[in-house]
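Atoms within each ligand, like the ligands themselves, are counted from 1 in listed order. In what follows, every heavy atom counts, from backbone to side chain, and hydrogens, waters and symmetry copies are set aside.
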Amino acid sequence: MPENFKNFIAGEWVAPSTGNYFENRNPADWNDVIGCFPRSGPEDAQRAIASATRGFAQWSKTPAPLRGAVLQRVGELLVQKKEAIARAMTREMGKVLAETRGDVQEGIDTAFYAASEGRRLFGRVVPSELRDKWAMSYRRPIGVAGIITPFNFPMAIPTWKMFPALLCGNAVIFKPAEDVPHTGHLLVEILLEAGLPPEVIQLLHGQGSVVGRAVIEHPEVPVISFTGSTETGSAIGATCGRLHKRLSLEMGGKNAMIVMDDADLDLALDGVLWGAFGTTGQRCTATSRLILHEKIHDRFLKMLGDRAGKLRLGPGLEEKTEVGPLIHEESRQKVDSYVGIGKQEGATVLVGGATATGGALDRGWFYQPTVLAGVKPGMRVEQEEIFGPVLSAIKVSSLDEAVRVNNDVRYGLSSSLYTRDVNAAFRAMSELDNGITYINAPTIGAEAHLPFGGVKQTGNGHREGGWEVYDFYSETKVCYVDYSGHLQRAQIDTYTE
Ligand code: NAD
C-alpha cells in the first residue's frame, strides 16, 4: 500500500478535509508509486491561511538576523540531505541525478544568501532638504505570502520564493505542483527541523484550480508569487489585479541560441545539447530555437544530428542516462503533436521525432531528442513553448537578422550568442530582448545571487533571486524625523544658503 502523505496546517501534519488523495508516480516507471498526496479543498486553504496569519504576527517581530539564522540551518540541513533529496526528486520528476543534485544545490545557495541578508536587509538614510531633519526608509514584512510553483525545479523554485519571503518576515503558504509533491514535503520537513516556528509555514497539496485558487482569491493573502505557464499566470494576474495584490509572475519562454559563422562550433555544440535536451527540454530557459548563420548552417546541423541521435535515454536514477522522461503522458502527447505541426508547416525531422520505446523506456514517458530543420520564423514550432526535447533550427544571414528572429516572439526569458567577435557580443547583449543573455554559453544556468526573470509575456517586471527579490517581499516604509523644534514645510520653507 502506498503511503498517504499529509498537508502541514496549523502546526500539524493533517489529512485533507476532503478525504481525497491523488497518486504520485515515477515518470520513468509508471508501476512505481511514490505515494498518495492530499487533494485538498478550500476548507484546508482557509485553515492554513488563518494559521499563517498567526504565524506572521510572531515571525514578523523576530529580528531579521535571527530569521537569517534559521535559514542558515536550513542550508546546512540541505547540504546534509542533498543526495537523498536529489534521488527522491529524480524518482518523482524524472530528470537525471546530476541535475537534481544541481536543483538542491540552488536551494542551498539560496538559503545561505538569505541567511546573510538577515544582517543586511538595508534601508537608506538620505539627506533631508530641510535642516535638523532626518529622512530614511526601511523594509517591513508584508503578511502571508502564497507561493505557487511548477514541476520542473521542485526544490530550487520553491526556495527562490520561500527563503526571501521568510527572511523578510512573511509567513508562507506553499502549494507545490501536483507532479512533485514529495520534494515539497521534504522541503517543509527541513524548514521545521531547522526551527522555523510551525505556523509560519503551511503546506497545501492539491489542484491549482481548487486549492491554489482558494489561496489566490483570499483577501488575507496579500502577496502571491507564481511560476508556471503563461496561461495560468494570466488568469492569476487578472484575479490579483482585481484584488490589488502584490504579484510576481515567472512564466513561459521560447529561448534562442544564435551561432555565428566565427563561433567555436564544438563549444556551441556542447552548449546546444545541454541547453535543448537537459531536463528533457522542460526548463523555462530551455534552448528551443537554434538560429544558425548560413555559412555554418549545414556543417553545424550535421554535427548536431550525429550527437543528438546518440544521447542515452533512460531512468534518471541510472548514472549513464543523459536524458530522462517527460513529466507525464499528456506532456508527451503535446510534444508529439508539435512535431506533427512542424512537419505540416514544412519543417523536416533531422533526428528523433517519435516516442522512445524498447526495454525500460516502455514503462515511462520517454520521447526522442528531436531536431527540426528548415524552420522559418513565424511557424508555430518557432513561436510557441513546447516544453520538451524539441529544437527548431532556423537559418539567417546576419547578426541583425538573428536578433530580429530572437526578438519576434511573445516571450523574453533568455538568449545566447556564440561568437568570437567582442563587438558583436556587446551589441547583442544590448539588442536581444530578454531578461538574461549568455555569451558563449547556452540559454540555461542561472546563479542564485543574481536576479532572474524575463520580459514581455514571460514575466510582470519582478525578479527572483539575487538582491532584487528582497524588494518584492518587503514593503518600503519611509520615516522623517524633524528635530528642529519648529514647523518646517517641505517644498515651501526652502533654504537658499
Ligand atoms: P502550470 O501553470 O501548469 O502549473 C504551475 C502551478 O500553478 C502548479 O502548482 C499548479 O497546480 C498551479 N495552478 C494551476 N492552475 C492554477 C490556478 N487556476 N490557480 C492557482 N494555481 C494554479 O505549469 P507547469 O506545467 O507546472 O510548469 C511549466 C511551465 O512553467 C512552463 O510554461 C515553464 O516555462 C514555466 N516555468 C517558468 C519559469 C520562469 O522562471 N519563468 C521557471 C520554471 C517553469
Hey, does the side chain of Asn170 reach the backbone of Gly143 with a donor-acceptor pair shorter than 3.5 angstrom? yes
May I ask you to identify the nearest protein heavy atom to atom 13 (N) of ligand 1, giving residue, atom name and distance to one decimal place in Å? Gly208 CA, 3.4 Å
Between Asp32 and Arg25 (salt bridge meaning N to carboxylate O under 4.0 Å), is one present in this structure? no
Quick test of your reading of the model: are Arg87 and Glu83 salt-bridged, counting only N-O distances below 4.0 Å? yes
Cys284 versus ligand 1: do any nitrogen or oxygen atoms come within less than 3.5 Å of each other? no
Treating Glu382 as the side-chain partner and Gly378 as the backbone partner, does any N or O pair qualify as donor plus acceptor under 3.5 Å? yes
Ile148 contact mode with ligand 1 (heavy-atom cut-off under 4.0 Å): side chain
Any N or O of Thr227 that comes nearer than 3.5 Å to an N or O of ligand 1? no
Tell me the nearest of Gly465, Ser209, Gly453, Gly184 to atom 18 (N) of ligand 1, using heavy-atom distances. Ser209
Glu199 and Ser51: CA distance, side-chain angles, deciding distance, side-chain hydrogen bond (donor to acceptor under 3.5 Å, both in side chains) verdict: CA-CA 6 Å; Glu199 292 206 285; Ser51 168; 2.7 Å; yes
CA sep, side-chain torsions, deciding dist, call: Asp103, Lys95, salt bridge (Lys or Arg N to Asp or Glu O under 4.0 Å): CA-CA 10 Å; Asp103 198 316; Lys95 64 186 174 187; 2.8 Å; yes
Closest candidate by heavy atom, reference atom 29 (C) of ligand 1, pool Ala235, Pro181, Gly228, Pro150: Gly228
Any protein heavy atom sitting closer than 4.0 Å to atom 40 (O) of ligand 1? yes
Which protein heavy atom lies closest to atom 10 (C) of ligand 1, and at what distance to 0.1 Å? Glu178 OE1, 3.6 Å
The residue among Glu464, Glu250, Arg463 that forms side chain to side chain contact (heavy atoms under 4.5 Å, CB included) with Trp160 is Glu464
Determine, considering heavy atoms only, which of Thr279, Thr458, Thr232 sits nearest to atom 16 (C) of ligand 1. Thr232
Could you tell me whether Arg91 and Asp29 have a side-chain N and a carboxylate O separated by less than 4.0 Å? no
Quick one: does Phe151 get an N or O within less than 3.5 Å of an N or O on ligand 1? yes
Would Phe387 count as a contact of ligand 1 if the rule is a heavy atom under 4.0 Å away? yes
With a 4.5 Å limit on heavy-atom distance, are the side chains of Ile394 and Arg289 in contact? yes
Nearest non-hydrogen protein atom, atom 9 (O) of ligand 1: Thr149 O, 2.7 Å
Heavy atom of Ile157 under 4.0 Å from ligand 1? yes
Among all the protein's non-hydrogen atoms, which is closest to atom 31 (C) of ligand 1, and how far away is it? Glu385 OE1, 3.5 Å
